[in-house]
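First the proteins, then the strands, lettered A, B, ... as listed; each starts at 1.
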Amino acid sequence: MSAVPQPTISLASRNFKSLPAPKTLLKTLSSSHSLTHFKQIHAQILRSNHSHSHSLILKLLLSSPSLTYSLSIFFHLPHPLPSISTPFLRHLSRSSKPELAFFVYQRLRNEGIRIDRFAFPPLLKAAATVGGLAEGKEIHGFGFKSGFDSDPFVQTGLMAMYLGCGRLLEARLVFDKMSYRDIVTWSIMIDGYCQSGLFDDALELFEEMKSANIEADKFIFSSFLSACGRAGNLDYGKAIHDYIIQNDLVVDAHLRSALVTMYASCGCMDMAQQLFDQMTPKNLVVSTAMVSGYSRHGRVEDARLIFDQMLEKDLVSWSAMISGYAESDQPQEALRLFNELEVLGIRPDQVTMLSVISACARLGVLDKAKWIHLFVDKNGFGGALPINNALIDMYAKCGSLERARGVFEKMTRRNVISWTSMINAFAMHGDANNALIFFHKMKEAHIEPNGITFVGVLYACSHAGLVEEGKKIFTSMINEYKITPKHEHYGCMVDLFGRANLLREAVEIVETMPLSPNVVIWGSLMAACQIHGETELGEFAAKRLLELEPDHDGALVLLSNIYAKERKWQDVGELRQLMKERGISKEKGCSRIELNNEVHEFLVADRNHKQADEIYDKLDEVVNQLKLVGYAPNTGSVLVDLEEEEKREVVLWHSEKLALCYGLINGRKDPCIRIVKNLRVCEDCHTFMKLVSKVYGREIVVRDRTRFHHYRDGVCSCKDYW
DNA sequence: GAAAAGATGT
């Protein structure tokens, strides 16, 4: 713990004739807001003969606009009694800087000043809030020595402290030793299990509580429900709801909020909407929960409807709507909303900024990214760790690995997320070498990699064909780091072997993995088969995939392509019919290009752009130029129900080619053409980009669904391995 | 004199 700042007392107010009475001073304190004014009053008190008045000192401590200033006042009190220190501790523990309570505690301990048992709940609350296990344990030890550890309030505080530090077992130990437990005690312990997703333990305890004749209150149900929502556990959530109905419990606004939130987080929007409709008036929190529920489940328009109907909106609701657009892949709308917020003069907070940065990352426009970065720095968010982590990701996804690295290098503190973001950045740009170097550096810096870090590292290996390295890392993840592989890890391994044409090994992973293969796994295997022309296995994988997700467009297209190749026209016909009936088509390709601070969007065969004629003329010219160096359109990736000639046209009108031609026409100042595409780049476009980079001497950066391609002088950074 | 709950983010 570092030193505490000394008080600087301004003696600016010399023009008073007589000293005010304590009552007047107390009143002045309540109305004083600025620190300067506050210091003046403090000086008055010091010069008066009331400086020993307990109530005045306490009022000073609790009403100072600066916590560090009140801490320095406290440090100048000669021998503070519990009647001063305990309320002060409570004040600090509820403040925005609960850790300041530890300074007070340390002073009292160092100087052997009396601490009463009422001081323990606030101290433990501070430790619980900041997750300070070391401080919490020290306070626990001192409480034990002082004989306060049998006090139920101290014990409940201890439980909350251990739970706040993630120590479920220690909390339970305290709980089991308690001789008197009230509803708060039970609530905290049950909430502890809920927070960790241990619903069975929570319910078991809930039953025990009922046996102990303690009546459940709305707090318990709220925490149950919120935990169910976070864990996406609809079954338990419904069970709690049923219990509430069956027992005819009063559902107040708070509890109804919790119910709506639970249903909304579990994606059960009909149920959420039904409960929401019954609410009058609809409060801010519950409306916000509906906004985030709808947008998280791909219904951002419904979210917007509720957002627009809200009579009052606070920063949280704005943030929820902004992040809704960001996550629904409508980053432009997210940024537009952020602009609106600016116009209204509402200051964004860190969470808003994280959503905005994430929107910018999805948009992939480097100019916008630079602008956001400036905004972040200007508004004082630049020092925050989560912000910098998000900036790394943003720059990487906007195509600037250098800037991502720049942010990383400048950071004074880095956590797992910082390192993981940087590793992912390298992986995304096909720089597996640096991804692995940073993985090692991270370990040298004593930052423990987590499951997500390994996804990034394995992804880097699979996209660079580093089979042996990938195998080693996968094994060390399990054996050394004791991380149980999840679907994404197995997916990376299937990808790693599949891309390297080791399909037998890939199948072995699928067959031996302890989890049941999901859409991602079958998708990886299917993609590998597609690359290596393994029709039989590809057909098998596609069929398994369709069992899990009958509308998967990729699998349907692949299957029909396989059948077409094998001339099984009847199967092709059936599949086409099925797709028509269900209204399934390949997701429309869409490409964006940034030019002169404007973003231009193109769809396949798009003619909406105002310079469309020019663009198509340019395309003809480029195609003719490329044909001179041997280019021939490759139609392998086009949907089946077209004639060969039509396919050739469609492939030429792919959105990224249109965006590229627009870039060639207009962006002569910028040495680099940056394009963002929503789907994977097709074989033909990949070749096309390489040739253009050579023939036209331009650098082209294309972001596709998962990664970047840097084309320069006829070569792509992915080494044609993507 | 004391301890618990609902919405946003990497």
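Nucleic acid contact class of A:Thr156 (heavy atoms, under 4.0 Å, all strands): base. Contact annotation for A:Asn388: no contact, since no heavy-atom pair falls under 4.0 Å across all strands. Base contact: A:Arg117 has a heavy atom under 4.0 Å from a base atom. No engagement by A:Asn415 is indicated, since no non-hydrogen atom pair under 4.0 Å with the nucleic acid exists. The residue A:Asp191 sits apart from the nucleic acid: no heavy atom pair falls under 4.0 Å. Here A:Arg94 lies in heavy-atom contact (under 4.0 Å) with sugar-phosphate atoms only. Using a 4.0 Å heavy-atom criterion, one finds that A:Arg296 contacts the sugar-phosphate atoms exclusively.
Residues A:Ser317 and A:Asp314 bring a donor and an acceptor atom of their side chains to less than 3.5 Å of each other.
Side-chain N/O atoms of A:Ser292 include none lying less than 4.0 angstrom from OP1 or OP2 on B:dA7. Applying the 4.0 Å criterion to OP1 and OP2 of B:dG9, one finds that A:Ser323 has a side-chain N or O inside that range. Of the side-chain N and O atoms in A:Lys218, none sit less than 4.0 angstrom from OP1 or OP2 of B:dA4.
In this structure a side-chain-to-backbone donor-acceptor pair under 3.5 Å is present from A:Asp116 to A:Ala119. A distance-only check finds no donor-acceptor pair linking the side chain of A:Asn379 to the backbone of A:Phe381 [under 3.5 Å].
Atom NE2 of A:His254 is separated from atom P of B:dA4 by 13 Å (rounded to the nearest Å).
Of all heavy-atom pairs spanning A:Leu275 and A:Leu259, the tightest one is CD1-CB, 4.1 Å.
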